[in-house]
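Only one structure is covered here, and it is reproduced in the block below.
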Amino acid sequence: MECGSTIDVGEFEDILEEFDVNKELITLINDPFYTAFRKLQKQSERESDTIPKHSGNFQTSEPSNPEASSQYPSNLSIDTTDYRAKFLNANEHNLRAQKERDLSVKKAARFEKKAKKYDELEVKFKEMKKEKKQLERKIATQVKHSEENSRLRAKIASRQDIEKQLRASRNEHQQKAESLLEENTRLMKQSEEDNIKVVEMKKKLEEAKGKTREVNKEKIEILESRLSTAMRQSTPVKSPSSDTPGSSGEQEESQNPRKKLDELCKMKNRFSSFMKEANGIGEKLQSVSEDDELIDLAKFELIRLEGIVRIYEETLSMNILILQKTRDVSQLLPMHHPCLSPEFMKKYSDLMIGLTTEVPDTDCLICHEYRESHEKTIECETTCHKVYHLKCASEWFKQQQTCPHCRSRMLDDEEYPAL
Ligand SMILES: [Zn+2]
Ligand SMILES: [Zn+2]
C-alpha cells in the first residue's frame, strides 16, 4: 500500500485490527467532495453515458453504518492519505494515551498499594500505640511492684535483725537456764550429801546420847542408893564434892540448898528461849555466809546443842529433885551449861565483825543515827562488837535479849531488869 493511495473498507478494518484500534472510536461520515462528485457524475451520466466509473478500491461496505454503505458503493476507492495521516496521528495519540493510562493505572495501583500499606501501617501504629500504653501501664505496675518489693525486702531485713537478736537472747537465756540447771543439780547433790552428813551426825549424836544416858543412869542409881542411905540415917551427908561448881568466896551462898534450888528453877525456865536463840544464830549465818563448810558446821552445832540441852534439862530436873529431897548441895550432879562450841563462836564472831552494813560504825544500828559522845551506849561484847544507843537497845531488849545484828545473847535475865 502506497502513501496517498486509496483503500477499501475491508483493508481499513484490517489496519484497524492490525493497530488494535477500537472500531467504535471511528465514525464514518459522508464525504462532501464525494457527494459533490457523485452529483456531478450523475449529472454527466444523465448528460452522457460516456463518463467512466470511478475505479477506486476503497469500498465503504461498513456494516455499522448502513446509511453510509447505502450511500457509498462497495467498490469505491478514495484518497485516504489525509485520513491515514490523521489516523496514524490519532493512533499514535491513542497509543501514548494508552501508555499514559497504563502508567496511570500502574501509578494508581502503586498509590493504592501505598495507601493500603499506609492504612495497614496506621492500624499497626494504632496497635503499637495501644501496646505502648499497655507496656507503660505494665512498667508503671512493675515499678510499683519493685517499690513494694524493696519495701518488703527492708521489712524482711529488719525482721531478720529482730530474729537474730531474739535468737541471741534466746541462746543467752538457754545458757543461763543450763547454768542454772547445773547449779541446781550441784545444789541438789550437795543437799543430798548434807542430808547424809546430817543423818550421820544424828546417828553419832544418838549414840552419844545413849552413852550419856547410860552414864547418867548409873550416876542416878548411885545417887538414889546414896539418897536412901542418907534418908535412913536422916542426917545429911556433908562432904565437899569436886563435881559442884563454885569459887571459895561464893562457897557459902552456893552451898545454901534453898538458894541453889531457886537458881536451878530459874535456869530451867530460861531454857525455853535458849534453843530459839541458837536457831536464830544459825539462820543468820545461813543468810549472810556462802561458806558451805561453816554452814555445815553450824548445822552440826545446832544438832549437838539440842542434844546437850536435853541432857542438861534432864540433869537439871534431877538436881532439883535431889535438892528437894536431900537439901544436900553436895549430892548434886555435875552440870555444864550448854553452849555453842567456842571454835564455832570464834568463826561466827569473825564473820559478823567482817560483815559490812549500810550503816556506818559511828551510827546506832537500831535507829541509824549518829552516836553523840555524851549518849550512853551498849556494845555486843561477845560476838560482833556493834555499838547501840542504850535507850534504843533497852527498847529492843523488851522483845529479846540478843544482839540485833548477830543475834547472840547480850544480856542475862538477871541483868535485864537493871537497865
Ligand atoms: Zn552482836
Ligand atoms: Zn539508837
Side-chain angles (χ1 to χ4, degrees), residues 194 198 201 205 245 263 266-313 316 335-419:
D194 285 352
V198 168
M201 282 175 188
L205 197 70
E263 194 187 304
K266 260 189 193 171
M267 277 166 84
K268 199 182 176 187
N269 293 334
R270 227 161 50 196
F271 270 89
S272 57
S273 61
F274 188 84
M275 271 316 293
K276 222 168 94 184
E277 286 165 17
N279 284 326
I281 287 174
E283 281 165 19
K284 179 76 188 181
L285 185 136
Q286 278 195 29
S287 71
V288 298
S289 175
E290 286 175 358
D291 184 352
D292 294 336
E293 220 171 282
L294 189 60
I295 290 168
D296 276 351
L297 182 63
K299 282 179 189 169
F300 173 74
E301 281 287 325
L302 288 172
I303 293 165
R304 192 186 67 87
L305 188 70
E306 211 183 326
I308 295 171
V309 166
R310 233 177 272 153
I311 294 164
Y312 187 81
E313 276 176 331
L316 191 66
M335 290 199 299
H336 298 287
H337 196 287
C339 60
L340 292 161
S341 74
E343 296 83 30
F344 172 74
M345 280 316 287
K346 175 76 179 54
K347 281 180 183 173
Y348 183 60
S349 172
D350 289 345
L351 176 73
M352 293 315 290
I353 288 165
L355 200 68
T356 51
T357 60
E358 287 173 9
V359 184
D361 283 341
T362 49
D363 295 359
C364 166
L365 208 56
I366 295 172
C367 70
H368 295 191
E369 276 172 24
Y370 185 73
R371 297 190 312 271
E372 302 288 352
S373 56
H374 64 271
E375 286 177 308
K376 283 186 179 176
T377 55
I378 183 168
E379 185 185 335
C380 171
E381 284 169 344
T382 56
T383 314
C384 71
H385 303 285
K386 297 282 176 215
V387 185
Y388 308 98
H389 284 127
L390 188 57
K391 60 176 176 19
C392 295
S394 301
E395 284 300 312
W396 175 265
F397 291 147
K398 282 179 189 172
Q399 303 297 322
Q400 46 196 317
Q401 287 78 56
T402 53
C403 169
H405 180 56
C406 70
R407 305 198 188 175
S408 54
R409 173 159 284 272
M410 279 177 81
L411 293 174
D412 285 338
D413 277 357
E414 288 94 321
E415 281 178 40
Y416 174 62
L419 283 169

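Values in this document were obtained by computation on a predicted structure and should not be read as measured data. Atoms within a ligand are numbered from 1 in the order they appear, just like the ligands themselves.
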Between atom SG of Cys364 and atom CZ of Arg371, what is the distance when rounded to the nearest 0.5 Å?
-> 7.5 Å
Within less than 2.8 Å of the Zn ion (ligand 1), any N, O or S from Cys403?
-> yes
Gap separating the NE2 atom of His374 from the CD atom of Glu372, nearest 0.5 angstrom | 5.5 Å
Do you know how many protein N, O or S atoms are within a distance smaller than 2.8 Å of the Zn ion (ligand 2)?
-> 4
Salt-bridge present (Glu306, Arg310; N to O < 4.0 Å) = yes
Could you tell me the separation between the CD1 atom of Ile303 and the CD1 atom of Ile308, rounded to the nearest 0.5 Å?
-> 12.0 Å
Taken to the nearest 0.5 Å, the spacing of Arg407 CZ from Glu283 CD works out to 6.5 Å
Look at Glu301 together with Arg304 and state whether they make a salt bridge at an N to O cut-off of under 4.0 Å.
-> yes
The Zn ion (ligand 1) as vertex, arms to SG of Cys384 and SG of Cys380: angle to 10°?
-> 110°
Considering all heavy atoms, the nearest Tyr370-Glu375 contact | O-OE1, 3.6 Å
